[in-house]
Each structure stands twice: as C-alpha cells, then as structure tokens.
Colleague: 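My structure is below; once you've seen it, I'll send some questions.
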Amino acid sequence: MSDRPPNFIGEHVMYGYKDVLLNSYNESFRKMKKLMISCISKHGFSSKHFQDIADEEFRCVLNQFHALNGQAVDPVDLLLPSFCKLVGGFFSGKHLKDGDPILESIIAMDHDGDVMIQPQVHGILGKFPWLRHCCGFYGNLYSNVIKQRESLFQSLVTEMKETVNKDNVQCFSHQLLSWKEAESDWLTDEHINGMLLDLINTSVLTTKSVMSGMIFMWLHLPDVQQKMREEIDLVIGRDRLPTIEDGKSMPYVQACIYELLRYQSHLPMTAAHANIDHEVEIEGFTIPKGTVIMGNLYGAHHDEELWDDPWEFRPERFLKDDGTPVPRDHASHRNSIAFGVGERKCVGKEMAYNRMFLYTVHLLRTFEFLPEVDTVLPPHHPRHFAPSAPVILPHGFKCRALPR
C-alpha cells in the first residue's frame, strides 16, 4: 500500500510526478527519496553552516516578538514568515531577508499550495482538470501556483547552477545540482525543483500547525510552560544559544513535544495510499486492486485501547517514574505515528522535529506566554480544534509574549 493514486498536483504541478510526495512507488521514487534523505542529513541542523543561518533567523523572530512590548498578537503572523525563511535558507545556503525574491515565492507557494491541497479543491481539479485553463477561482489558483513554481525554478535551480562549488557544497540546491552529473541518466532540473516544492508545503504547513498548538498549550497549561522553561534554564542558562544536542538533556521538553504531536495530531490523516497493481492481504482482509486508503492518525492517537485517558494532555506518557525518557521501543513511542510509518513516512521527520524543538526552546527561554487580556481562549481539546485541511490546529487566538 505504498503507492499513490493518480492526482492533479502530481500530474500538473510536479511535472508529471517528478517528486517524492506524490510519485508512485517506483524506481524514480526510491532514487529521489534516497537523495532527499542524504541532502537533509548533510545540510540540515547537523550542518554548522545551516545552524548559523538558523541561529540568525531565531534572533530575528525573537526581536520581532520583543518589539511588540507585550502587545497581543497572533503568533502565527510572526512565525510563518520565519518558517519560510528557514526553509529558504536550507535551500539556498543563505539567510533570507524580508523582500528577498526567493522568500516571497516560498511564502506565496506555501499559501497557494495550502489552498490547492485542500480535498475540496484538489478533488474538484482531479475530476475536472480542464478547470485549470478557465477563468475564475480554479484557473487563477493554478496560474498562481505555476507562476511561483517557475520563479523558484529560476532562483533555486537555474541561477544556482552558476554558483555550485563541488568542493564546498553547503545547501540543498547545490547538493542536488552537484549530484546531477553522476545521476544524469535520470535526474533532471524538474526533479530537483519537484523535491524543493515537496519540502516547502510539507515543512511550513506542519510546523505552523505544531507551533500554533504548542503556544496554545502554554496558555492553557501555564504549569507545563513553567516546568519546560525551568528545564531549559537548567540545561542552557542564559549565556549561550540552544543546540540540537541539548535535547538529550531535556526529557520533559521532549516529552511535551511528543505528547503534543499525539494529542493534537496536527496531521489527522495520511496522504492517500493505493495498491495500483495488485490486491493486498492484511490480517485476513483482502484489499482489492485499485483501492485508495488513508491512514487515520488522529484515531490511532486517541484510541482508548492504546492510550489511558487519550483526551488528556500528559507528557508523563513518555517518561519513566524518575523523569528519564522511556525507551524508543516503549508502547508510547510505538503507538505515536505523527510522521507516518513504512516506506511513505515523512522523509524530513528528523529535521522537522529538530525545527520544532529549537523554536520551542528559543521562545520559552526568552518569553513568558500569556493569553490576551480580557478574552476567553477557545477550548484546549482536539475535538474543538479547527480543521484547516490537511492539518488541524487551534482556532485563531492571540497571546502576549512578555520578555523575561
């Protein structure tokens, strides 16, 4: 069930399935997935060059919160551009400033891509693909997506060919371009741009949902917020910046992130899976050839047969009685599948988690988060969160970030 059904975005946006997310389970998919994993490993947070870019961006977004002087704000308004800058820095190897053409294209692609991927939109385009040529909502949306696709192709593929240094590769685009010669029998510029496009919408959309949920949780559970902050202060102090390695010494912070991924289930359903070529037998059930299946992550994360009190936020699920982490083979980890499982699990799982960890630690060590004055917060319960296909997140809220 690792295949994908035919779909509009894969066919008409991703150059005829020249990407990983929407491609069929074939040799092309396996080759691209291998390259993506290698690139993320080389040029993600384990790279000092990218970590320096990330640290600069963290300083910038923290300064934006500082400038509000405790004024209430929707935190996503400040964080969303920051997420886009971080993704753009990973692609380009430089810290993107406001107004940079690459940043503007990533923000626009994230916005329009989020609209196009909604089932009620993508489904209509899949049934009536000719709508992309018509005036009105569908035609305009498709035109905007293709415009940003070509802008990113020009900036992150065509122009970056001129600056590739195979002896000093320091970003995602340069790495793929440097490998293109060795993989010339199949790897094209369109494949490279397809992989870039995959990472834009998956990275920004999911990080927005999780960090919105994290801050919302802090407002509802100030004791949890304070306990996380105390652990951060104990490990890092105030004289240096956080690093990924610090996570090993922060079991409670890590447990809160794991529990949020379970409790909120920001991605409630997997992308569509299919068995295109043959029927499949699973535990005595026959799934006919051509069946489309979506995994219910939300259901798995709130199954009362797997979790005690699944509608309660309890980070202790991921901790032993002495406060140390439970082992990776513990039932809490086995049953938590926020990034999917199997051949189609999230390619950038580790980088996504590291991004969530660093934003969480930077924000908490710098600010105390409080609700907007004289307002009632929406309920902190997953059943009341807002579906914003394909993710769920808290209904719109504002908070105050008070400098410590």
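Just so you know, these numbers use all the heavy atoms, side chains as well, and skip hydrogens, waters and symmetry mates. Predicted model, so just to flag it, every value in this text is computed and none were measured.
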Colleague: Less than 4.0 Å between a side-chain N and a carboxylate O, is that true for Asp246 and Arg240?
Modeller: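 A salt bridge is present here (some side-chain N lies under 4.0 Å from a carboxylate O).
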
Colleague: Give a yes or no on whether a salt bridge exists between Arg355 and Glu350, defined as a side-chain N under 4.0 angstrom from a carboxylate O.
Modeller: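 Not counted as a salt bridge, because no side-chain N and carboxylate O are separated by less than 4.0 Å.
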
Colleague: Hey, are Glu279 and Lys289 close enough for a salt bridge, meaning a charged N less than 4.0 Å from a carboxylate O?
Modeller: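 Between Lys289 and Glu279 there is no salt bridge, as every charged N stays at least 4.0 Å from the carboxylate O atoms.
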
Colleague: With the threshold set at 4.0 Å, does a side-chain nitrogen-carboxylate oxygen contact exist between Lys147 and Asp112?
Modeller: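 Looking at Asp112 together with Lys147, the answer is no, because their closest N to O distance does not fall below 4.0 Å.
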
Colleague: Keeping the roles fixed (side chain from Asp19, backbone from Leu22), state whether a donor-acceptor pair exists under 3.5 Å.
Modeller: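 The answer is yes, because a donor-acceptor pair under 3.5 Å joins these two groups.
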
Colleague: Salt bridge check: are Glu230 and Lys227 linked by an N-O gap of less than 4.0 Å?
Modeller: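 No, this pair does not count.
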
Colleague: Quick test of your reading of the model: are Glu368 and Arg229 salt-bridged, counting only N-O distances below 4.0 Å?
Modeller: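 Salt bridge flag = no for Arg229 with Glu368.
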
Colleague: Whether the side chain of Ser46 engages the backbone of Ser41 through a donor-acceptor N/O pair (distance < 3.5 Å, no angle test) should be reported.
Modeller: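 Answer holds: yes.
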
Colleague: If you measure from the Lys or Arg side-chain nitrogens to the Asp or Glu carboxylate oxygens, is any gap between Lys248 and Glu245 under 4.0 Å?
Modeller: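 So Lys248 pairs with Glu245 through a salt bridge.
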
Colleague: Check this for me: does any side-chain nitrogen of one of Lys208 and Asp110 sit under 4.0 Å from a carboxylate oxygen of the other?
Modeller: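 The answer is no: the pair does not qualify as a salt bridge.
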
Colleague: Looking at Glu372 and Arg400, is any side-chain nitrogen of the basic one under 4.0 Å from a carboxylate oxygen of the acidic one?
Modeller: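 Salt bridge flag = no for Glu372 with Arg400.
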
Colleague: Any side-chain to backbone donor/acceptor pair from Thr188 onto His191? Under 3.5 Å, distance only.
Modeller: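 Pair found, side chain donor or acceptor close to backbone of His191.
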
Colleague: Quick one: do the Asp322 and Thr324 side chains pair a donor with an acceptor below 3.5 Å?
Modeller: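 Asp322 vs Thr324: donor-acceptor pair found between side chains.
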
Colleague: Hey, are Asp189 and Lys180 close enough for a salt bridge, meaning a charged N less than 4.0 Å from a carboxylate O?
Modeller: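 Yes, this pair counts.
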
Colleague: Is the shortest distance from a Lys or Arg side-chain nitrogen in Asp233 or Arg365 to a carboxylate oxygen in the other one below 4.0 Å?
Modeller: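 No, this pair does not count.
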
Colleague: Treating Thr366 as the side-chain partner and His362 as the backbone partner, does any N or O pair qualify as donor plus acceptor under 3.5 Å?
Modeller: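 Checked: pair present.
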
Colleague: Ser155 side chain to Ser151 main-chain N or O, any donor-acceptor pair under 3.5 Å?
Modeller: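 Yes.
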
Colleague: Taking Phe91's backbone N and O only, do any of them form a donor-acceptor pair with Ser173's side chain (distance below 3.5 Å, no angle check)?
Modeller: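 Checking the backbone N and O of Phe91 against the side chain of Ser173, a donor-acceptor pair under 3.5 Å is found.
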
Colleague: Answer yes when Arg59 and Glu56 have at least one side-chain N-carboxylate O distance shorter than 4.0 Å, and no when they do not.
Modeller: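 Answer for the salt bridge query: no.
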
Colleague: Tell me whether Asp100 is salt-bridged to Lys85, with the criterion being a basic N under 4.0 Å from an acidic carboxylate O.
Modeller: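 Judged by the 4.0 Å cut-off on N to carboxylate O distance, Asp100 and Lys85 do not form a salt bridge.
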
Colleague: Charged N to carboxylate O below 4.0 Å: is that the case for Glu181 and Lys166?
Modeller: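 The answer is yes: the pair qualifies as a salt bridge.
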
Colleague: Look at the side chain of Thr163 and the backbone N and O of Met160, then say whether any donor-acceptor pair between them is shorter than 3.5 Å.
Modeller: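 Answer holds: yes.
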
Colleague: Is the closest side-chain donor-acceptor distance between Asp55 and Gln51 under 3.5 Å?
Modeller: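 Side chains of Asp55 and Gln51: pair found under 3.5 Å.
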
